[in-house]
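The analysis underlying the following values was restricted to heavy atoms, covering all of them including side chains, and did not include hydrogens, waters or symmetry mates. Chain letters run A, B, ... following the sequence lines, proteins first and then strands; every chain starts at 1.
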Amino acid sequence: MERYNFKSIEEKWQKFWDKEKTFATKIDKNKKKFYCLEMFPYPSGKIHMGHVRNYTIGDVLARYKSLKGFNVLHPMGWDSFGMPAENAAKQNNLDPKTWTETNISNMKSQLKKLGLSIDWDREISTCSDDYYKHQQNFFLELLEKKLVYRKENYVNWDPVDETVLANEQVINGKGWRSGALVERKKLSQWFFSISKFSQKLLDGLDKLGNWPNKVKTMQKNWIGKSFGCEIDFKVEGNLPVKKIKCFTTRPDTLFGFSFLALSVDHAVSEFYKDNKEFNKFKKQCSKTGTTEEAIAVGEKIGFKTDLLAINPLDPKSKVPVYFANFVLMDYGFGAVFGCPAHDQRDFDFAKKYKLKIKTVVRPKNENDNFEVDKEAYAGPGILVNSDFLNGLEAPDQSILETIKILEQKKIGQKKINFRLKDWGISRQRYWGCPIPIVYDDKGEAHPVPKSMLPVKLPENVNLKVKGNPLDSQLDWKEIKINGKKFTRETDTLDTFVCSSWYYLRFCSPKESSYGFKKEDIDYWMPVDQYIGGIEHAILHLLYSRFFMQALSHNNSEFSLKEPFDGLFTQGMVCHETYKDPDGNWVSPEDIESIDGKKYLKQDKSKPITVGSSESMSKSKKNTIDPENIIANYGADSARLFILSDSPPEKDVQWSEEGIASSYKFIQKLWNLNLKILSEIKKDHEKDLDNEFEKRTNSFLKDITNNLEEFSYNKIIANLHEIYSFLIKQIEKPYKKLTLTENYKKILISITPIIPHFAYECLSQLNIKKLDWPTYDEKLLIKDKINIVIQINGKKRGLIESKPGISEDNLFEIITKDEKLNKYLIDKKINKRIYIKDKLLNIII
RNA sequence: GCCCUCGUGGUGAAAUUGGUAGACACAAAGGACUUAAAAUCCUUGCCGCUUGCGGAGUGCCAGUUCGAGUCUGGCCGAGGGCACCA
């Protein structure tokens with residue numbers, strides 16, 4: 001048998017696609033468009049298995065849609081600003097631009113080796129000024145719309161990366177990239193007013209029918225809408241403070257009010273700024289919420305003020321006012337009213353400071369003497385001990401009623417609050433998009449005139465200075481505009497800004513006057529299918545949605561609200577983990593198997609312990625380099641295996657056995673191909689029967705349905721099944737036409753999976769024009785079917801029959817069947833349930 | 001703590017509207033071919049008894065139904081998200 005030479009065949013077709021520009025796309029209004037987009041990569045230098053999976057899934061879809069007759073846009077680009085470039089450049093004494101460009105060219109050639117159907121003419125890179133000049137222009141547009149502002153604020157400061165992080169980028173009190181404990185620092189920062197769109201971003205989720213619910217839920221929780229009431233509390237004391245505003249979702253528990261708690265950053269703290277004890281307390285608070293220990297313990301601490309707050313519904317009741325560590329300044333008003341009986345956090349605080357705990361809600365199955373004892377009661381019930389509110393049903397009725405009363409008395413007002421905070425976009429880094437702002441000698445910010453865009457990043461900067469290198473780049477920082485001296489903003493934009501609109505740029509990658517052309521956007525957008533990792537469920541996907549809201553805000557020319565019509569989040573690629581006897585991680589490449597046991601290759605006296613399969617990561621050394629895999633097995637084998645084992649949304653286990661078996665399978669397909677070619681030459685006079693056509697037809701139905709449903713693992717199963725059929729049947733005499741027509745259909749339908757192999761086989765049949773093969777419903781009708789026979793719901797046998805057999809005829813066959821009839825002898829039949837052509841259940 | 005998702009052989013998984021549980025693979029064992037090995041092909045989910053057949057079986061316990069992996073309720077377990085959000 002001839003061996004399948006994947007190396008030369010894959011190379012041949014990749015060259016062909018390149019030369020013929022097979023995947024280049026233009027607007028064609030006679031065709032329905034399909035925009036297939038995978039999350040673009042950061043150019044770290046090498047592709048990893050996650051990319052292979054992500055882009056293979058996208059490629060299957062893009063190729064399938066294109067065969068179906070859609071005008072498919074399937075572009076690729078580079079998310080090329082960001083810190084790794086800066087760090088790598090510092091270490092290796094080169095500049096981030098060179099480092100990034102080298103990486104891009106490496107990764108591009110690796111991606112090409114996967115045989116992806118990408119329109120490379122549309123390639124973009126966010127670090128190129130062709131790209132970021134439009135981004136600077138968008139920034140200025142949003143500034144004009146008052147959706148960008150600057151304010152001094154406490155920020156999340158990453159001490160290792162020496163930069164500010166957005167709230168979304170702080171994970172368990174640590175920087176998402178560096179893992180360093182995040183500190184609080186006061187800085188002047190630029191913000192996007194994402195919170196203005198909270199309601200719209202929330203409402204938009206309902207329209208995203210093709211998004212996973214999981215992602216929608218995560219965004220919904222992140223936006224965090226809550227309905228409640230703002231209440232003015234009068235206060236007494238020797239400070240010039242008359243009232244304090246609080247936000248609450250449970251105004252109905254106001255009669256249980258026993259303290260008022262303020263954030264240490266609340267305006268009232270001004271009166272304590274010289275108080276030593278207070279400052280000590282404040283310092284203590286700034287630690288909580290950032291150290292892991294504090295989060296785990298979660299102890300509530302307070303600092304008592306000289307103020308007393310008056311219960312607006314019960315003016316005789318006056319309670320102490322505290323500063324407390326659990327009150328956040330940037331939610332609500334930085335002040336909460338404490339009702340210990342019905343809020344666990346308030347309960348803990350009250351216990352610690354021995355404050356009154358008054359029950360005002362009783363569960364329905366308790367009487368009015370019910371008292372909260374060991375923990376707060378937050379469930380539903382009836383209001384008690386609440387004067388004129390007694391008897392109301394909590395929470396729904398009682399909340400609405402109380403708000404009505406508070407509004408009548410002009411003490412409070414209905415209010416909706418969101419957890420979502422504005423997006424801080426300033427980063428104290430060099431390798432990012434410069435913010436097009438300058439400051440005059442008074443420190444006032446001014447936009448850079450649009451005619452002066454792009455504000456280019458200076459080259460040849462000294463990266464080894466402490467802090468932001470742009471700060472010490474004086475020849476860049478100081479400029480004159482119309483003869484007047486200004487200094488530039490030296491912060492650069494968060495790189496998530498770059499990825500918030502790149503999908504628009506793919507529609508008009510060469511347009512120089514603006515970020516995109518209206519005509520292009522009108523045709524291509526929205527993205528029909530976006531594919532990427534779940535890790536971007538909030539960050540990137542929410543920012544992109546916001547960016548469309550912001551661009552379309554007060555803009556009659558641009559009305560797009562949601563960028564991604566469909567979203568698919570693929571699972572991770574996992575691999576077993578290995579450790580040597582000393583407990584060090586060992587790479588799969590350094591392991592040899594002897595008699596089913598694993599040893600260290602370099603030192604075979606060392607046995608290896610096999611650990612659980614986990615997502616591939618450098619730290620656990622369980623990564624597999626796609627480049628080696630492609631070199632040893634070919635791109636088609638890699639694609640076949642990465643699709644085969646698990647559904648695309650779930651994690652997949654990479655294994656050496658798996659990839660080897662995919663490789664063998666392609667060889668088997670090749671052998672089959674050779675057999676079929678020689679059968680075609682024989683050209684028999686008559687078809688033996690039409691079984692071949694029928695089988696092909698049902699295969700086409702399966703593969704089409706599975707492609708539509710993203711069940712790519714099942715497509716591989718379909719391929720295995722059709723192979724098993726063909727290898728057994730193919731030597732039966734079939735007419736040339738039957739053979740070529742059906743084989744052609746099969747080959748076309750597998751081009752999305754193993755394109756190089758399929759194209760090669762198709763070219764041997766001299767087939768150039770590829771259309772998705774349709775299946776014929778009529779051919780799906782079988783002449784023989786198996787009907788399940790159940791006795792009392794239990795399967796007892798199968799009866800082969802022609803379709804459409806009547807219940808009585810079937811029953812007659814059963815009574816003549818020795819095996820089945822033995823269950824019926826001397827039994828009274830109470831009932832028969834017949835599901836036509838499927839099942840007969842006899843109840844005795 | 002709150003929210004979401006998921007529990008099917010040794011493993012990854014299939015199973016239209018409730019209607020043959022385990023398709024398709026991986027691993028392991030046995031067998032065929034071979035002087036031998038590799039490669040290839042075939043068989044095997046579990047428990048019984050010799051083949052053949054019988055029994056149990058989709059995390060556990062109930063329920064609905066002629067019939068439940070699928071629907072309902074409760075419990076247990078795993079994974080993910082959020083975390084002082086008032």
Side-chain angles (χ1 to χ4, degrees), chain A residues 1 171-173 212-222 224-226 228-229 231 246-251 253 261 263 288-289 294-295 298-300 324-328 330-339 342-346 348-349 375 378 417-421 534-535 537-538 574 596 613 641 644-647 649-662 664-665 667-668 671 702 705-706 711 713-721 723-724 727 786-798 819 830-835 838-844:
Chain A
M1 278 291 178
I171 295 151
N172 284 337
N213 286 330
K214 188 180 171 181
V215 175
K216 288 195 276 188
T217 310
M218 279 165 75
Q219 291 208 357
K220 199 177 156 195
N221 291 341
W222 191 265
K225 181 179 181 175
S226 55
C229 179
I231 303 175
C246 293
F247 171 75
T248 178
T249 54
R250 291 302 299 270
T253 62
S263 156
T288 35
I295 289 169
E299 199 194 355
K300 281 137 197 85
N325 65 336
F326 61 85
V327 184
L328 306 171
D330 46 10
Y331 187 79
F333 301 99
V336 300
F337 94 76
C339 175
H342 305 291
D343 181 292
Q344 190 56 42
R345 191 191 41 200
D346 296 347
D348 296 344
F349 190 78
E375 53 175 21
N417 236 328
F418 293 94
R419 208 187 75 122
L420 183 65
K421 285 162 209 133
I534 186 83
E535 67 273 21
I538 293 166
C574 301
S613 184
F641 176 60
S644 68
D645 253 16
S646 297
E649 69 276 13
K650 282 214 196 171
D651 288 354
V652 67
Q653 317 294 326
W654 185 274
S655 70
E656 324 311 312
E657 293 84 3
I659 180 71
S661 109
S662 290
K664 282 180 208 158
F665 184 60
Q667 179 64 46
K668 288 203 246 171
N671 297 343
D702 291 343
N705 290 345
N706 287 331
S711 299
N713 54 326
K714 288 190 247 166
I715 290 167
I716 311 303
N718 297 146
L719 176 56
H720 278 283
E721 282 163 340
Y723 167 80
S724 307
I727 201 75
N786 284 323
I787 297 173
V788 179
I789 308 304
Q790 293 184 340
I791 313 286
N792 284 347
K794 203 169 183 58
K795 181 188 157 196
R796 291 298 179 188
L798 286 173
K819 264 206 232 154
N830 293 319
K831 205 176 171 185
R832 297 193 308 212
I833 293 121
Y834 181 50
I835 311 294
K838 261 197 173 160
L839 170 145
L840 178 68
N841 190 4
I842 301 165
I843 311 303
I844 51 173

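- Residues Phe337(A) and Pro251(A) have side chains not in contact (no heavy-atom distance under 4.5 Å, counting atoms from C-beta outward).
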List, with names and distances, any nitrogen or oxygen atoms from the protein found under 3.5 Å away from nitrogen or oxygen atoms belonging to nucleotides 52-56 of chain B.
{"residue": "C53(B)", "atom": "OP1", "partner": "Lys819(A)", "partner atom": "NZ", "Å": "3.4"}
{"residue": "G54(B)", "atom": "OP1", "partner": "Tyr823(A)", "partner atom": "OH", "Å": "2.9"}
{"residue": "G55(B)", "atom": "OP1", "partner": "Arg796(A)", "partner atom": "NH2", "Å": "3.4"}
{"residue": "G55(B)", "atom": "OP2", "partner": "Arg796(A)", "partner atom": "NH1", "Å": "3.2"}
{"residue": "A56(B)", "atom": "OP2", "partner": "Lys794(A)", "partner atom": "NZ", "Å": "3.1"}

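- Asn706(A) pairs by the side-chain hydrogen bond (donor to acceptor under 3.5 Å, both in side chains) definition with Asn718(A), not counting sequence neighbours.
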* To do: Report the C-alpha distance between Trp654(A) and Ser613(A) in whole Å, list the side-chain angles of each, state the deciding distance to 0.1 Å, and finish with yes or no for side-chain contact (heavy atoms from CB on, under 4.5 Å).
  => CA-CA 9 Å; Trp654(A) 185 274; Ser613(A) 184; over 6 Å; no
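- Base orientation at G73(B) is anti, since its O4'-C1' glycosidic dihedral falls outside 90° of 0.
- Around the NZ atom of Lys220(A), the shell of radius 6.0 Å holds no more than 12 heavy atoms that belong to other residues, nucleotides or ligands.
- Comparing the C1' positions of C85(B) and C75(B) gives a spacing of 32 Å, expressed to the nearest Å.
- As rounded to whole Å, 14 Å separates atom C1' of A83(B) from atom CG of Asn325(A).
- In RNA chain B, the stems built from three or more successive Watson-Crick or G-U pairs (distances below 3.5 Å) are B:1-7 with B:76-82, B:10-12 with B:24-26, B:28-32 with B:40-44, B:46-49 with B:52-55, B:59-63 with B:71-75.
- Atom CG of Asn830(A) is separated from atom P of G67(B) by 13 Å (rounded to the nearest Å).
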* Take Ile787(A) and Tyr834(A) through the test side-chain contact (heavy atoms from CB on, under 4.5 Å) and record every step on the way to the result. => CA-CA 10 Å; Ile787(A) 297 173; Tyr834(A) 181 50; 4.2 Å; yes
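- A search for side-chain hydrogen bond (donor to acceptor under 3.5 Å, both in side chains) contacts involving Tyr331(A) returns Ser226(A), not counting sequence neighbours.
- Residue Ser226(A) places at least one side-chain N or O closer than 4.0 Å to OP1 or OP2 of A86(B).
- Out of C4(B), C85(B), U20(B), the shortest distance to the side chain of Lys421(A) is found at C85(B).
- Between G12(B) and G7(B), the distance separating the two P atoms is 12 Å to the nearest Å.
- Taking the P atoms as reference points, A21(B) lies 13 Å from G55(B), given to the whole Å.
- When distances are taken from the side chain of Arg345(A) to each of C66(B), A86(B), A23(B), the shortest belongs to A86(B).
- Rounded to an integer number of Å, the gap from CD1 of Ile538(A) to C1' of A83(B) is 12 Å.
- Candidate nucleotides A13(B), A25(B), C3(B) were compared by shortest atom distance to the side chain of Thr217(A), and C3(B) ranks first.
- No side-chain heavy atom of Leu719(A) sits less than 4.5 Å from a side-chain heavy atom of Ile715(A).
- The closest side-chain heavy-atom distance from Leu839(A) to Gln790(A) is below 4.5 Å.
- Taking all atoms of both residues into account, the shortest heavy-atom contact from Ile538(A) to Met218(A) is CD1-O, 4.1 Å.
- Look at CD1 on Ile716(A): it is 13 Å from P on A14(B), rounded to the nearest Å.
- A37(B) and G31(B): their P atoms are spaced 12 Å apart (whole Å).
- Comparing the same atom, C1', in U20(B) and in A28(B) gives a spacing of 28 Å after rounding to whole Å.
- For the pair Phe418(A) CZ and A86(B) P, the computed distance is 12 Å after rounding to whole Å.
- When the P atom is compared between U70(B) and G63(B), the two are found 15 Å apart, to the nearest whole Å.
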Please enumerate all protein N or O atoms sitting under 3.5 Å from an N or O of nucleotides 15-19 of chain B, with distances to 0.1 Å.
{"residue": "A15(B)", "atom": "OP1", "partner": "Lys714(A)", "partner atom": "NZ", "Å": "2.4"}
{"residue": "U17(B)", "atom": "O4", "partner": "Lys838(A)", "partner atom": "NZ", "Å": "3.2"}
{"residue": "G19(B)", "atom": "N2", "partner": "Gln790(A)", "partner atom": "OE1", "Å": "3.3"}

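- Nucleic acid contact for Val652(A): none, since no nucleic acid atom lies under 4.0 Å from a heavy atom of the residue.
- In this structure, Asn713(A) reaches the A14(B) phosphate: one of its side-chain N or O atoms is under 4.0 Å from OP1 or OP2.
- Annotation: side chain of Ile659(A) is not in contact with side chain of Ser661(A) (no heavy-atom distance under 4.5 Å).
- Proximity note for Leu328(A) (side chain, C-beta onward) versus C66(B), C24(B), C85(B): the nearest is C85(B).
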Expected rows: protein N/O vs nucleotides 39-49 of chain B N/O, under 3.5 Å:
{"residue": "C41(B)", "atom": "OP1", "partner": "Lys668(A)", "partner atom": "NZ", "Å": "3.2"}

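- Rounded to the nearest 0.5 Å, atoms CG (Asp348(A)) and CZ (Phe326(A)) are 9.0 Å apart.
- Proximity of a side-chain donor or acceptor of Asn792(A) to a complementary backbone N or O of Ile844(A) within less than 3.5 Å is detected.
- Of the candidates C82(B), A25(B), C24(B), C82(B) carries the atom nearest the Arg419(A) side chain, counting heavy atoms from C-beta on.
- Within the 4.5 Å cutoff, the side chain of Lys214(A) has heavy atoms near those of the Ile534(A) side chain.
- The distance between atom CG of Asp651(A) and atom C1' of U11(B), rounded to the nearest whole Å, is 15 Å.
- We find that CD of Glu657(A) is positioned 11 Å from C1' of U11(B), with the value rounded to whole Å.
- Between Gly658(A) and Asp343(A), the residue whose closest nucleotide on RNA chain B is further toward the 5' end is Gly658(A).
- Closest non-hydrogen pair, Phe247(A) versus Gly332(A), comes out as CB-CA, 4.1 Å.
- Put simply, CD1 on Ile844(A) is 12 Å from C1' on C66(B), counting in whole angstrom units.
- Comparing the same atom, C1', in C71(B) and in U64(B) gives a spacing of 8 Å after rounding to whole Å.
- When each of Asn221(A) and Thr249(A) is assigned the nucleotide of RNA chain B with its nearest heavy atom, Asn221(A) is the one assigned upstream, toward the 5' end.
- Nearest nucleotide to the Ser661(A) side chain, out of C26(B), A13(B), U20(B): C26(B).
- Here the side chain of Arg419(A) pairs a donor or acceptor atom with the backbone of Trp222(A) at under 3.5 angstrom.
- Annotation for Ala261(A) and Val327(A): closest pair CB-CG2, 3.7 Å, computed over non-hydrogen atoms.
- Of all non-hydrogen atoms in Asp346(A) and Gly338(A), the two that sit nearest each other are OD2-CA, 3.4 Å.
- Taking atom C1' in both A32(B) and G80(B), one finds a spacing of 49 Å when rounded to whole Å.
- Residue Thr248(A) is classed as a sugar-phosphate contact, given heavy-atom separations below 4.0 Å to backbone atoms only.
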